[in-house]
Protein chains: 2
Amino acid sequence: METGNRDTGVRAPVDKDVDFANYFCTYAFLYHQKEMLSDRVRMDAYFNAVFKNPHHFRNKVVLDVGTGSGILAIWCAQAGARRVYAVEATKMSEHARELIKANNVDDIIEVIEGSMEDVALPEKVDVIISEWMGYFLLRESMFDSVICARDRWLKPDGVMYPSHARMWIGPIRSGLSEQKLIDLESAMSDWHYFVDETERQYGVNMSVLTKPFHEENEKYYLKTSLWSNLHPNQVIGAPAIIKEIDCLTATIDEIREVIAKFSLRINLDRTRLSGFAGWFDVHFRGSDQNPAATQVELNTAPSEDNPTHWGQQMFLLHPPIRVNDGDDVSISFSMSRSKQNHRLMDVEFTYELHQPSGKRHPPITSKFYIE
Amino acid sequence: METGNRDTGVRAPVDKDVDFANYFCTYAFLYHQKEMLSDRVRMDAYFNAVFKNPHHFRNKVVLDVGTGSGILAIWCAQAGARRVYAVEATKMSEHARELIKANNVDDIIEVIEGSMEDVALPEKVDVIISEWMGYFLLRESMFDSVICARDRWLKPDGVMYPSHARMWIGPIRSGLSEQKLIDLESAMSDWHYFVDETERQYGVNMSVLTKPFHEENEKYYLKTSLWSNLHPNQVIGAPAIIKEIDCLTATIDEIREVIAKFSLRINLDRTRLSGFAGWFDVHFRGSDQNPAATQVELNTAPSEDNPTHWGQQMFLLHPPIRVNDGDDVSISFSMSRSKQNHRLMDVEFTYELHQPSGKRHPPITSKFYIE
Ligand SMILES: Nc1ncnc2c1ncn2[C@@H]1O[C@H](CSCC[C@H](N)C(=O)O)[C@@H](O)[C@H]1O
Ligand SMILES: Nc1ncnc2c1ncn2[C@@H]1O[C@H](CSCC[C@H](N)C(=O)O)[C@@H](O)[C@H]1O
């Protein structure tokens, strides 16, 4: 674990142009912004957070980190902000500017095109609002930019929107675990046919590549986490909170790695543990000195009525494990940033099943990639 | 058109790391190499080109530009080459090394990991072999690297494999033209619903973004060329050659832009011209001083029995045009590299229909992107 100068470990190794090619590019499409703007759970949470807490916005100076289409900045202006700085790295800033003008708040909002890390504001701000959450909260590592903005631009008594975030993990069942094994087997039988044909037709023996091909496909089919909107009845035990973040005080060192030990109690009989799902919630509670009038929550847990575009990340075990009501799964979890791309994550679960009878299974370790 | 130092216009503006993120990354997967290795038309052509022309390989020094899995290098070694330099930019080089060893030609082949542009060879070579062709021949702009290799490393009397390449355009019919219009309409009606809901629920009027959203989606649905393996009966007139390349002499200036004027004669009655398809062929003919014993062709034209992974690129018109046997479509065509990414192409067609009756339609210009 690194400590000290919090910039070093985070920004130094990132090539800005590569980051643009890999990450920012998608946000330059209205298609993608519209997907977020059509997420009712997300929209309702931010809308209520702003309009049910007018005392946080009226006559205040606000910074919107990653304004995208400009939606949050517009709401802040409509809620009475004196000035809103809306920072956006991509060309989406131009659409934000148009939208802001068309909604008659261009006297309040200043759109600034640029990376938050590079932007200079003319004054400090009372509120930082941002929708920075990626899959399983931390994918995209955008919270780094919010921390950077906070440390530079938030007044000592300022508030963060959202103010808190939590990561959850729950035990799940899913037919996809078996399906992915079948997909891998089919890719491999295809490969074996290919090896035979290549030898027969073209006189080259490819079998030395069978192992690396299997590894590549195992990574793709079995070790890459999957996006899903789970049905609540796929969650077969009580989920656990594995990380709590206070957005007002969190440092990059606190979020660069997530390490947790916890146990999950199965509450369904004669079922299978297909794996684990990860999701998050965030809260809008203002600050201790300056609390929200109405607290708002944005929750991305499995839900029939309130799915989100984030869904949940599934980490599937192959094969699944038979479990029963009352079984405990004790887990060591860790998540760190991918060495190749700091916006992607490497995840590791070491899990051990304890049955009420006292029987224990030996611990198993599974690695996953959040791509 | 630029002339002079051929490096300037091509390599200077390219950020190598971005190029890796955008382009090379896919070639690092065996999955992708296997797709190419499973293309029978491609494999047969290179296999026959090498083994039916042993005099070009026996005791010769060969350079394989972009060796990928190493397949072409192995064939050259099997055909009797004295030495083969196999250059590969990605980590696929490691798999190539394993494959070469397993096939007992590691005493002949030296795998070099690196960009062709940066690599230094210990000697000049008799033959350059490379499979550099992208969609519609020039997508990926990899031929630049072959030209660079040739100018630096090919002996004055050396030969190129392949030796010649041609680009073709043919008039086609396809139901996809109508389908894409429907897709666009459906995206727009979705958008209008979204605009209404956002105003009603969240008090923000998004209609100023309707035009840019339409433009973005028009580009995506109507102006992006489509990959397809056409049935020959979808080609409704004689295709035209729009570009011929002599791989031994071509310069980057000659391929940076492709400009052609030609006309296509419709040979089917009462049909519709849905657009144009672009494809290519390459030939293995050796050189004038040192011709092939057996000439080989690799053809990616529409074909029922011999489809390739390249297929054809379709440029669809919206709406299609009614045409009849004997109609002539005269076309001004241009293709240049995208300003954002030199490996992608911007294409423009200006077309004019002449009926045998003498009736002419006014010229229409359509722009496309090969993404
Ligand atoms: N460091 C940074 N500086 C500026 N913009 C950033 C950034 N990191 C991410 N972004 C932008 O932040 C946005 C996150 S998506 C959220 C968009 C908008 N606030 C909404 O709620 O609808 C994207 O548009 C992305 O381009
Ligand atoms: N400038 C360059 N230097 C080195 N390798 C390059 C290159 N441009 C492209 N390549 C590599 O060239 C390969 C083209 S695909 C062809 C692979 C192999 N020769 C075959 O025929 O199956 C890719 O693996 C790509 O990574």
Side-chain angles (χ1 to χ4, degrees), chain A residues 15-23 25 28-31 33-34 37-38 40 43-44 46-47 51 69-71 74-75 78 94-96 98-105 187 190-191 193-195 197-199 201-217 220 340-341, chain B residues 15-23 25 28-31 33-34 37-38 40 43-44 46-47 51 69-71 74-75 78 94-96 98-105 187 190-191 193-195 197-199 201-217 220 340-341:
Chain A
D15 175 329
K16 286 230 161 192
D17 295 326
V18 172
D19 204 28
F20 231 94
N22 280 331
Y23 170 67
C25 55
F29 289 94
L30 285 167
Y31 173 85
Q33 298 285 342
K34 173 171 174 280
L37 295 166
S38 303
R40 279 285 172 84
M43 292 290 276
D44 286 350
Y46 277 86
F47 184 83
F51 288 102
S69 62
I71 185 78
I74 293 173
W75 284 342
Q78 289 174 338
E94 294 174 9
H95 297 312
E98 291 179 80
L99 191 67
I100 284 159
K101 189 139 191 266
N103 285 274
N104 306 311
V105 280
D190 214 62
W191 170 265
Y193 173 80
F194 161 77
V195 169
E197 284 295 286
T198 307
E199 171 98 65
Q201 300 268 348
Y202 304 115
V204 175
N205 184 334
M206 292 266 166
S207 54
V208 70
L209 297 182
T210 299
K211 190 159 167 268
F213 185 80
H214 185 268
E215 276 165 18
E216 180 184 306
N217 280 268
Y220 179 76
Q340 286 83 52
N341 181 339
Chain B
D15 175 328
K16 287 231 162 190
D17 295 327
V18 172
D19 204 29
F20 231 94
N22 282 329
Y23 170 66
C25 56
F29 289 96
L30 285 167
Y31 173 85
Q33 297 286 342
K34 172 171 173 282
L37 295 167
S38 304
R40 280 284 173 85
M43 292 290 276
D44 286 350
Y46 276 86
F47 184 83
F51 289 102
S69 62
I71 186 78
I74 293 173
W75 285 340
Q78 290 175 337
E94 294 175 8
H95 297 312
E98 291 180 78
L99 191 67
I100 284 160
K101 188 137 191 269
N103 285 272
N104 305 312
V105 279
D190 214 63
W191 171 265
Y193 173 81
F194 162 76
V195 169
E197 284 295 287
T198 307
E199 170 99 65
Q201 300 267 350
Y202 303 115
V204 174
N205 184 334
M206 292 265 165
S207 53
V208 70
L209 296 182
T210 300
K211 191 159 165 270
F213 185 79
H214 185 269
E215 276 165 18
E216 181 183 305
N217 281 267
Y220 179 76
Q340 286 84 53
N341 180 341

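Order of the sequence lines fixes the chain letters, A, B, ..., with proteins taken first and strands second; residue numbering starts at 1 for each chain.
For Glu98(B), the parts lying near chain A are the backbone and the side chain together; criterion is any non-hydrogen pair under 4.5 Å. If you measure heavy-atom distances from Asp19(B) to chain A, you find no contacts under 4.5 Å at all. Interface remark: Ile71(B) contributes side-chain atoms only to the contact with chain A (heavy atom separation under 4.5 Å). For a residue to count as touching a neighbouring chain, one of its non-hydrogen atoms must lie under 4.5 Å from one of that chain's; by this rule Phe47(A) touches chain B with the side chain only. Using a 4.5 Å cut-off between heavy atoms, Gln340(B) makes no contact with chain A at all. With a 4.5 Å cut-off on non-hydrogen atoms, Phe29(B) touches chain A through its backbone and its side chain both.
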Check against side chain to side chain contact (heavy atoms under 4.5 Å, CB included), Trp75(A) and Met43(A):
CA-CA 11 Å; Trp75(A) 284 342; Met43(A) 292 290 276; 3.8 Å; yes
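At least one donor-acceptor pair closer than 3.5 Å links the side chain of Glu216(B) to the backbone N or O of Leu30(A). Between the side chain of Asn103(A) and the main chain of Val105(A), no donor-acceptor pair closer than 3.5 Å is present. Judged by distance alone, the side chain of Gln78(A) and the main-chain N or O of Gly203(B) form a donor-acceptor pair under 3.5 Å.
Under the rule for a ring-ring contact (aromatic ring centres under 6.0 Å, His included), the partners of Phe194(A) that lie at least two apart in sequence or sit in another chain are Trp191(A). Applying the salt bridge (Lys or Arg N to Asp or Glu O under 4.0 Å) test to Glu197(B) and every residue at least two apart in sequence or in another chain returns Arg40(A), Arg200(B).
By number of non-hydrogen pairs under 4.5 angstrom with chain B, the leading residue of Asp44(A), Ile74(A), Asn22(A), Asn217(A) is Asp44(A). Contacts with chain A were tallied for Tyr31(B), Tyr220(B), Phe20(B); Tyr31(B) has the most, counting heavy-atom pairs under 4.5 Å. Counting heavy-atom pairs under 4.5 Å between each of Asp190(A), Thr198(A), Asn341(A) and chain B puts Asp190(A) at the top. Among the candidates Pro212(B), Ala187(B), Ser38(B), Ala102(B), the residue making the largest number of heavy-atom pairs closer than 4.5 Å to chain A is Pro212(B).
Note: Ile100(B) CD1 to His95(B) NE2 = 12.5 Å, rounded to the nearest 0.5 Å.
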